[in-house]
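Here's the structure we're looking at; comments come further down.
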Protein chains: 2
Amino acid sequence: MTELIRLLTRAQKLLRAAADDAMSRHGVRVGQNLVLEVLWETDGLTPGELAGRLRVTTPTVVNTATRMEAAGLLVRRRDPADGRLVRLHLTPKARAAQEPIEEARRRLAEHAMATLTDDERRHLRSALEKIIDRMSDHPLDLGE
Amino acid sequence: MTELIRLLTRAQKLLRAAADDAMSRHGVRVGQNLVLEVLWETDGLTPGELAGRLRVTTPTVVNTATRMEAAGLLVRRRDPADGRLVRLHLTPKARAAQEPIEEARRRLAEHAMATLTDDERRHLRSALEKIIDRMSDHPLDLGE
DNA sequence: TACGGATCGTTTGCATGCTAATGATTGCGC
DNA sequence: GCGCAATCATTAGCATGCAAACGATCCGTA
(Lines give C-alpha, C1' and ligand atoms only; values in the text may rest on other atoms or scores of the structure.)
Protein backbone atom coordinates (compact mmCIF):
# COMPACT_ATOMS: atom_id res chain seq x y z
CA MET A 1 0.00 0.00 0.00
CA THR A 2 2.94 2.32 0.37
CA GLU A 3 2.82 2.45 -3.41
CA LEU A 4 -0.62 4.08 -3.25
CA ILE A 5 0.74 6.85 -1.06
CA ARG A 6 3.53 7.44 -3.50
CA LEU A 7 1.05 7.76 -6.35
CA LEU A 8 -1.10 10.14 -4.36
CA THR A 9 1.91 12.30 -3.57
CA ARG A 10 3.04 12.34 -7.16
CA ALA A 11 -0.37 13.27 -8.51
CA GLN A 12 -0.73 16.04 -5.97
CA LYS A 13 2.69 17.42 -6.84
CA LEU A 14 1.92 17.51 -10.55
CA LEU A 15 -1.39 19.25 -9.89
CA ARG A 16 0.13 21.76 -7.53
CA ALA A 17 2.88 22.64 -9.99
CA ALA A 18 0.36 23.10 -12.79
CA ALA A 19 -1.84 25.23 -10.55
CA ASP A 20 1.09 27.41 -9.53
CA ASP A 21 1.94 27.86 -13.19
CA ALA A 22 -1.59 28.87 -14.07
CA MET A 23 -2.01 31.21 -11.09
CA SER A 24 1.32 32.88 -11.73
CA ARG A 25 -0.03 34.18 -15.03
CA HIS A 26 -2.39 36.26 -12.94
CA GLY A 27 0.18 37.46 -10.41
CA VAL A 28 -0.94 35.03 -7.73
CA ARG A 29 1.00 32.10 -6.30
CA VAL A 30 -0.67 28.85 -5.41
CA GLY A 31 -0.63 29.44 -1.66
CA GLN A 32 -2.03 32.93 -2.00
CA ASN A 33 -4.85 31.54 -4.09
CA LEU A 34 -6.17 29.63 -1.11
CA VAL A 35 -6.45 32.85 0.88
CA LEU A 36 -8.15 34.56 -2.03
CA GLU A 37 -10.72 31.81 -2.44
CA VAL A 38 -11.90 32.34 1.11
CA LEU A 39 -11.76 36.13 1.10
CA TRP A 40 -13.62 36.39 -2.21
CA GLU A 41 -16.46 34.72 -0.38
CA THR A 42 -16.05 36.43 2.99
CA ASP A 43 -13.93 39.56 3.12
CA GLY A 44 -12.47 40.91 6.34
CA LEU A 45 -11.59 37.67 8.11
CA THR A 46 -8.79 37.54 10.67
CA PRO A 47 -5.61 35.48 10.16
CA GLY A 48 -6.79 33.04 12.79
CA GLU A 49 -10.18 32.55 11.14
CA LEU A 50 -8.53 32.05 7.77
CA ALA A 51 -6.08 29.55 9.21
CA GLY A 52 -8.97 27.54 10.62
CA ARG A 53 -10.83 27.43 7.31
CA LEU A 54 -7.70 26.57 5.33
CA ARG A 55 -6.51 23.97 7.83
CA VAL A 56 -3.20 25.75 8.08
CA THR A 57 -1.40 27.35 11.02
CA THR A 58 -1.79 31.04 11.82
CA PRO A 59 1.86 31.92 11.10
CA THR A 60 1.43 30.49 7.61
CA VAL A 61 -1.50 32.82 6.96
CA VAL A 62 0.36 35.77 8.48
CA ASN A 63 3.36 35.25 6.22
CA THR A 64 1.26 34.72 3.13
CA ALA A 65 -0.78 37.82 3.99
CA THR A 66 2.42 39.85 4.28
CA ARG A 67 3.50 38.77 0.81
CA MET A 68 0.03 39.49 -0.56
CA GLU A 69 0.04 42.91 1.06
CA ALA A 70 3.38 43.65 -0.61
CA ALA A 71 1.86 42.47 -3.90
CA GLY A 72 -1.06 44.85 -3.44
CA LEU A 73 -3.66 42.11 -3.10
CA LEU A 74 -4.91 42.94 0.37
CA VAL A 75 -4.66 45.41 3.25
CA ARG A 76 -4.57 44.87 7.01
CA ARG A 77 -7.00 46.79 9.24
CA ARG A 78 -7.06 46.73 13.00
CA ASP A 79 -10.44 45.69 14.37
CA PRO A 80 -11.92 48.79 16.07
CA ALA A 81 -13.75 46.71 18.66
CA ASP A 82 -10.93 44.34 19.59
CA GLY A 83 -7.36 45.56 19.29
CA ARG A 84 -5.95 42.06 19.17
CA LEU A 85 -7.63 41.28 15.89
CA VAL A 86 -6.43 42.14 12.41
CA ARG A 87 -8.87 42.03 9.52
CA LEU A 88 -7.71 41.22 6.01
CA HIS A 89 -9.48 43.11 3.21
CA LEU A 90 -9.04 42.48 -0.50
CA THR A 91 -8.09 45.26 -2.88
CA PRO A 92 -9.78 45.90 -6.24
CA LYS A 93 -6.76 44.21 -7.80
CA ALA A 94 -7.58 41.00 -5.95
CA ARG A 95 -11.24 41.22 -6.95
CA ALA A 96 -10.33 41.74 -10.58
CA ALA A 97 -8.33 38.52 -10.51
CA GLN A 98 -11.24 36.42 -9.28
CA GLU A 99 -12.90 35.49 -12.56
CA PRO A 100 -9.77 34.64 -14.55
CA ILE A 101 -8.29 32.63 -11.72
CA GLU A 102 -11.44 30.66 -11.02
CA GLU A 103 -11.72 29.97 -14.73
CA ALA A 104 -8.10 28.77 -14.86
CA ARG A 105 -8.72 26.55 -11.88
CA ARG A 106 -11.76 24.98 -13.48
CA ARG A 107 -9.88 24.36 -16.71
CA LEU A 108 -6.97 22.78 -14.88
CA ALA A 109 -9.26 20.44 -12.96
CA GLU A 110 -11.14 19.40 -16.10
CA HIS A 111 -7.86 18.87 -17.91
CA ALA A 112 -6.38 16.71 -15.18
CA MET A 113 -9.51 14.52 -14.91
CA ALA A 114 -10.19 14.41 -18.64
CA THR A 115 -9.39 10.72 -18.98
CA LEU A 116 -11.56 9.69 -16.01
CA THR A 117 -15.16 8.56 -16.48
CA ASP A 118 -17.87 9.94 -14.21
CA ASP A 119 -17.82 6.64 -12.39
CA GLU A 120 -14.08 6.80 -11.86
CA ARG A 121 -14.39 10.34 -10.53
CA ARG A 122 -17.02 9.22 -8.07
CA HIS A 123 -14.87 6.36 -6.89
CA LEU A 124 -11.87 8.63 -6.57
CA ARG A 125 -13.82 11.14 -4.53
CA SER A 126 -15.19 8.46 -2.26
CA ALA A 127 -11.78 6.88 -1.68
CA LEU A 128 -10.16 10.22 -0.89
CA GLU A 129 -12.94 11.08 1.53
CA LYS A 130 -12.45 7.78 3.31
CA ILE A 131 -8.74 8.40 3.69
CA ILE A 132 -9.36 11.94 4.95
CA ASP A 133 -11.97 10.77 7.45
CA ARG A 134 -9.72 7.99 8.60
CA MET A 135 -6.69 10.21 9.15
CA SER A 136 -8.77 12.96 10.76
CA ASP A 137 -10.64 10.70 13.16
CA HIS A 138 -7.88 8.22 13.87
CA PRO A 139 -4.44 9.82 13.72
CA LEU A 140 -1.79 7.13 13.55
CA ASP A 141 -0.89 5.98 17.05
CA LEU A 142 2.84 5.52 17.42
CA GLY A 143 2.94 4.55 21.07
CA GLU A 144 3.96 6.89 23.89
CA MET B 1 -14.01 18.90 -10.34
CA THR B 2 -11.96 21.49 -8.46
CA GLU B 3 -13.41 19.81 -5.39
CA LEU B 4 -11.59 16.60 -6.28
CA ILE B 5 -8.28 18.43 -6.38
CA ARG B 6 -8.99 19.89 -2.96
CA LEU B 7 -9.69 16.44 -1.57
CA LEU B 8 -6.53 15.06 -3.10
CA THR B 9 -4.49 17.90 -1.61
CA ARG B 10 -6.02 17.44 1.79
CA ALA B 11 -5.47 13.69 1.84
CA GLN B 12 -1.87 14.11 0.78
CA LYS B 13 -1.27 16.72 3.45
CA LEU B 14 -2.66 14.48 6.20
CA LEU B 15 -0.55 11.58 5.00
CA ARG B 16 2.60 13.65 4.74
CA ALA B 17 2.15 15.06 8.23
CA ALA B 18 1.60 11.58 9.66
CA ALA B 19 4.64 10.27 7.78
CA ASP B 20 6.80 13.11 9.09
CA ASP B 21 5.60 12.35 12.58
CA ALA B 22 6.45 8.68 12.25
CA MET B 23 9.84 9.27 10.62
CA SER B 24 10.82 11.87 13.20
CA ARG B 25 10.74 9.16 15.88
CA HIS B 26 13.69 7.66 14.03
CA GLY B 27 15.61 10.89 13.53
CA VAL B 28 14.61 11.23 9.89
CA ARG B 29 12.39 13.86 8.33
CA VAL B 30 9.96 13.05 5.59
CA GLY B 31 12.03 14.57 2.79
CA GLN B 32 15.17 12.79 3.92
CA ASN B 33 13.28 9.52 3.88
CA LEU B 34 12.90 9.76 0.12
CA VAL B 35 16.66 9.97 -0.28
CA LEU B 36 17.15 7.07 2.08
CA GLU B 37 14.69 4.86 0.22
CA VAL B 38 16.75 5.18 -2.93
CA LEU B 39 20.17 4.92 -1.31
CA TRP B 40 19.17 1.86 0.74
CA GLU B 41 18.65 0.21 -2.63
CA THR B 42 21.58 1.78 -4.50
CA ASP B 43 24.29 3.41 -2.44
CA GLY B 44 26.73 5.93 -3.89
CA LEU B 45 24.46 7.78 -6.30
CA THR B 46 25.17 11.40 -7.27
CA PRO B 47 22.82 14.27 -6.39
CA GLY B 48 21.81 14.52 -10.04
CA GLU B 49 20.96 10.82 -10.29
CA LEU B 50 18.98 11.00 -7.07
CA ALA B 51 17.10 14.05 -8.27
CA GLY B 52 16.11 12.20 -11.42
CA ARG B 53 14.79 9.19 -9.54
CA LEU B 54 12.93 11.31 -7.00
CA ARG B 55 11.50 13.69 -9.62
CA VAL B 56 12.94 16.59 -7.73
CA THR B 57 15.48 19.24 -8.73
CA THR B 58 19.19 18.84 -8.01
CA PRO B 59 19.38 21.77 -5.57
CA THR B 60 16.68 20.12 -3.50
CA VAL B 61 18.75 16.96 -3.20
CA VAL B 62 21.89 18.95 -2.44
CA ASN B 63 20.22 20.80 0.41
CA THR B 64 18.64 17.68 1.83
CA ALA B 65 21.98 15.87 1.58
CA THR B 66 23.67 18.68 3.50
CA ARG B 67 21.16 18.33 6.32
CA MET B 68 21.53 14.58 6.29
CA GLU B 69 25.29 14.89 6.39
CA ALA B 70 24.98 17.15 9.43
CA ALA B 71 22.69 14.56 10.99
CA GLY B 72 25.28 11.84 10.39
CA LEU B 73 23.15 9.91 7.91
CA LEU B 74 25.46 10.12 4.91
CA VAL B 75 28.87 11.28 3.70
CA ARG B 76 29.93 12.97 0.47
CA ARG B 77 32.79 11.47 -1.54
CA ARG B 78 34.30 12.97 -4.65
CA ASP B 79 34.21 10.58 -7.58
CA PRO B 80 37.86 9.62 -8.28
CA ALA B 81 37.23 9.22 -12.01
CA ASP B 82 35.23 12.41 -12.58
CA GLY B 83 35.90 15.39 -10.33
CA ARG B 84 32.58 16.99 -11.10
CA LEU B 85 30.64 14.21 -9.48
CA VAL B 86 29.85 13.77 -5.81
CA ARG B 87 28.75 10.39 -4.52
CA LEU B 88 26.46 10.07 -1.53
CA HIS B 89 27.17 7.14 0.79
CA LEU B 90 25.03 6.07 3.72
CA THR B 91 26.48 5.69 7.20
CA PRO B 92 25.81 2.71 9.49
CA LYS B 93 23.37 4.98 11.31
CA ALA B 94 21.31 5.31 8.14
CA ARG B 95 21.39 1.55 7.53
CA ALA B 96 20.29 0.84 11.08
CA ALA B 97 17.24 3.03 10.53
CA GLN B 98 16.09 1.10 7.46
CA GLU B 99 14.03 -1.64 9.05
CA PRO B 100 12.16 0.46 11.63
CA ILE B 101 11.40 3.18 9.11
CA GLU B 102 10.15 0.81 6.44
CA GLU B 103 8.01 -0.88 9.05
CA ALA B 104 6.58 2.47 10.16
CA ARG B 105 5.86 3.36 6.57
CA ARG B 106 4.01 0.10 5.98
CA ARG B 107 1.96 0.57 9.11
CA LEU B 108 1.03 4.11 8.18
CA ALA B 109 -0.10 3.07 4.72
CA GLU B 110 -2.19 0.20 6.06
CA HIS B 111 -3.68 2.47 8.69
CA ALA B 112 -4.64 5.15 6.18
CA MET B 113 -6.24 2.65 3.78
CA ALA B 114 -7.83 0.53 6.48
CA THR B 115 -11.39 1.51 5.57
CA LEU B 116 -10.92 0.86 1.83
CA THR B 117 -11.83 -2.48 0.26
CA ASP B 118 -9.43 -4.14 -2.14
CA ASP B 119 -11.64 -3.00 -4.96
CA GLU B 120 -11.60 0.57 -3.77
CA ARG B 121 -7.82 0.46 -3.52
CA ARG B 122 -7.59 -0.81 -7.08
CA HIS B 123 -9.87 1.94 -8.32
CA LEU B 124 -7.93 4.55 -6.40
CA ARG B 125 -4.65 3.36 -7.84
CA SER B 126 -6.03 3.33 -11.34
CA ALA B 127 -7.49 6.82 -11.07
CA LEU B 128 -4.28 8.27 -9.66
CA GLU B 129 -2.25 6.65 -12.43
CA LYS B 130 -4.55 8.16 -15.02
CA ILE B 131 -4.13 11.62 -13.53
CA ILE B 132 -0.36 11.21 -13.36
CA ASP B 133 -0.17 9.99 -16.96
CA ARG B 134 -2.40 12.79 -18.09
CA MET B 135 -0.41 15.52 -16.38
CA SER B 136 2.92 14.02 -17.43
CA ASP B 137 2.03 13.55 -21.07
CA HIS B 138 -0.16 16.60 -21.51
CA PRO B 139 0.94 19.48 -19.30
CA LEU B 140 -1.79 22.09 -19.16
CA ASP B 141 -1.44 24.45 -22.11
CA LEU B 142 -2.00 28.02 -21.06
CA GLY B 143 -1.24 29.68 -24.36
CA GLU B 144 2.10 31.43 -24.79
C1' DT C 1 -9.77 49.11 39.90
C1' DA C 2 -5.79 46.45 39.22
C1' DC C 3 -3.86 41.94 38.15
C1' DG C 4 -3.20 37.68 35.88
C1' DG C 5 -4.65 34.30 32.61
C1' DA C 6 -6.50 33.79 28.00
C1' DT C 7 -6.52 35.11 23.24
C1' DC C 8 -4.46 37.07 19.15
C1' DG C 9 -0.92 38.34 15.72
C1' DT C 10 3.86 38.41 14.79
C1' DT C 11 8.67 36.91 14.72
C1' DT C 12 12.12 33.42 14.46
C1' DG C 13 14.09 29.31 12.94
C1' DC C 14 13.67 25.18 10.40
C1' DA C 15 12.36 21.71 6.35
C1' DT C 16 11.01 21.12 1.77
C1' DG C 17 10.57 22.59 -2.93
C1' DC C 18 11.61 25.72 -6.97
C1' DT C 19 14.45 28.84 -10.41
C1' DA C 20 18.48 31.37 -11.62
C1' DA C 21 23.20 32.36 -11.10
C1' DT C 22 27.91 30.67 -9.99
C1' DG C 23 31.92 27.75 -9.97
C1' DA C 24 34.59 23.62 -10.85
C1' DT C 25 35.83 19.94 -13.96
C1' DT C 26 35.64 17.42 -18.09
C1' DG C 27 36.22 16.38 -22.81
C1' DC C 28 35.73 17.56 -27.73
C1' DG C 29 37.38 20.07 -31.68
C1' DC C 30 40.83 22.47 -33.82
C1' DG D 1 47.94 20.66 -26.48
C1' DC D 2 44.49 24.42 -25.80
C1' DG D 3 40.46 26.56 -25.38
C1' DC D 4 35.60 26.51 -25.03
C1' DA D 5 31.21 24.45 -24.51
C1' DA D 6 28.85 21.02 -21.86
C1' DT D 7 28.08 18.90 -17.44
C1' DC D 8 27.95 18.80 -12.42
C1' DA D 9 27.35 20.51 -7.77
C1' DT D 10 26.64 24.39 -5.07
C1' DT D 11 24.86 28.92 -3.59
C1' DA D 12 21.38 32.49 -3.34
C1' DG D 13 16.81 33.92 -3.08
C1' DC D 14 12.02 32.93 -2.87
C1' DA D 15 7.30 30.47 -1.50
C1' DT D 16 5.01 27.46 1.41
C1' DG D 17 4.37 24.94 5.68
C1' DC D 18 5.39 23.92 10.71
C1' DA D 19 6.47 24.69 15.90
C1' DA D 20 7.97 27.57 19.51
C1' DA D 21 8.77 31.97 21.60
C1' DC D 22 7.20 36.69 22.10
C1' DG D 23 4.28 40.79 22.60
C1' DA D 24 0.04 43.19 22.73
C1' DT D 25 -4.68 43.38 24.11
C1' DC D 26 -8.74 41.87 26.50
C1' DC D 27 -11.48 40.26 30.32
C1' DG D 28 -12.90 37.99 34.58
C1' DT D 29 -11.80 38.16 39.39
C1' DA D 30 -10.32 39.63 43.59
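In what follows, chains are A, B, ... by sequence order, proteins preceding strands, each numbered from 1.
What separates CG of A:D21 from P of C:dC18 is a distance of 13 Å, to the nearest Å. Rounded to an integer number of Å, the gap from CG of A:L50 to C1' of D:dT16 is 15 Å. Taking atom CD on B:Q32 and atom P on C:dA15, their separation rounds to 8 Å, with Å as the unit. Between the CG atom of B:L74 and the P atom of D:dA9 there is a distance of 14 Å, given to the nearest Å. The CG-P distance, from B:L45 to D:dC8, rounds to 14 Å in whole Å. Distance CZ (B:R67) to P (D:dT10): 13 Å, rounded to an integer number of Å. Taking atom CD of A:E49 as the reference point, atom P of C:dG9 lies 8 Å away to the nearest angstrom. In this structure, CG of B:N63 is placed 12 Å from C1' of C:dC14, rounded to the nearest angstrom.
Among the atoms of the strands shown, none is found under 4.0 Å from any heavy atom of B:V61. Across all strands, A:T66 comes closer than 4.0 Å to no nucleic acid atom at all (heavy-atom distances). Within 4.0 Å (heavy atoms only), B:V56 reaches sugar-phosphate atoms of the nucleic acid but no base atom.
With salt bridges taken as basic N to acidic carboxylate O contacts below 4.0 Å, one links A:E103 and A:R106. With respect to A:E41 and A:R53, no salt bridge is recorded, no charged nitrogen being found less than 4.0 Å from a carboxylate O. A salt bridge does not link A:E3 with A:R10: none of the charged nitrogens is closer than 4.0 Å to a carboxylate oxygen.
For C:dT16, neither phosphate oxygen OP1 nor OP2 lies less than 4.0 angstrom from any side-chain nitrogen or oxygen of A:K13. Proximity of B:T60 to the phosphate of C:dT16: no side-chain N or O atom is located under 4.0 Å from OP1 or OP2. At the phosphate of C:dC18, OP1 or OP2 sits under 4.0 Å from a side-chain N or O atom of B:T57. A sub-4.0 Å separation between OP1 or OP2 of C:dG9 and a side-chain N or O of A:T46 is present. For C:dG9, neither phosphate oxygen OP1 nor OP2 lies less than 4.0 angstrom from any side-chain nitrogen or oxygen of A:R76.
For the segment residues 78-98 of chain B, residues with any heavy atom less than 4.0 angstrom from an atom of DNA chain C are, sorted by number, B:D82, B:G83, B:R84.
Judged by distance alone, with hydrogens and angles left aside, the side-chain atoms of A:R134 form no donor-acceptor pair with the main-chain N or O of B:A112 at under 3.5 Å.
Enclosure of atom CZ in A:R95 by more than 12 non-hydrogen atoms of other residues, nucleotides or ligands within 6.0 angstrom is indicated.
Closest approach to the B:R29 side chain among D:dT16, D:dA9, C:dA15 is made by C:dA15 (side chain taken as heavy atoms from C-beta onward).
Side-chain atoms of B:K13 and A:Q12, non-hydrogen and from C-beta on, never get closer than 4.5 Å to each other.
Judged by distance alone, the side chains of A:S126 and A:R122 never bring a donor and an acceptor atom under 3.5 Å apart.
Between A:T46 and the choices A:L85, A:D82, A:L88, the side chain to side chain contact (heavy atoms under 4.5 Å, CB included) rule is met once, by A:L85.
Looking at which nucleotide of DNA chain D each of A:P59 and A:N33 is closest to, the 5′-most match is held by A:N33.
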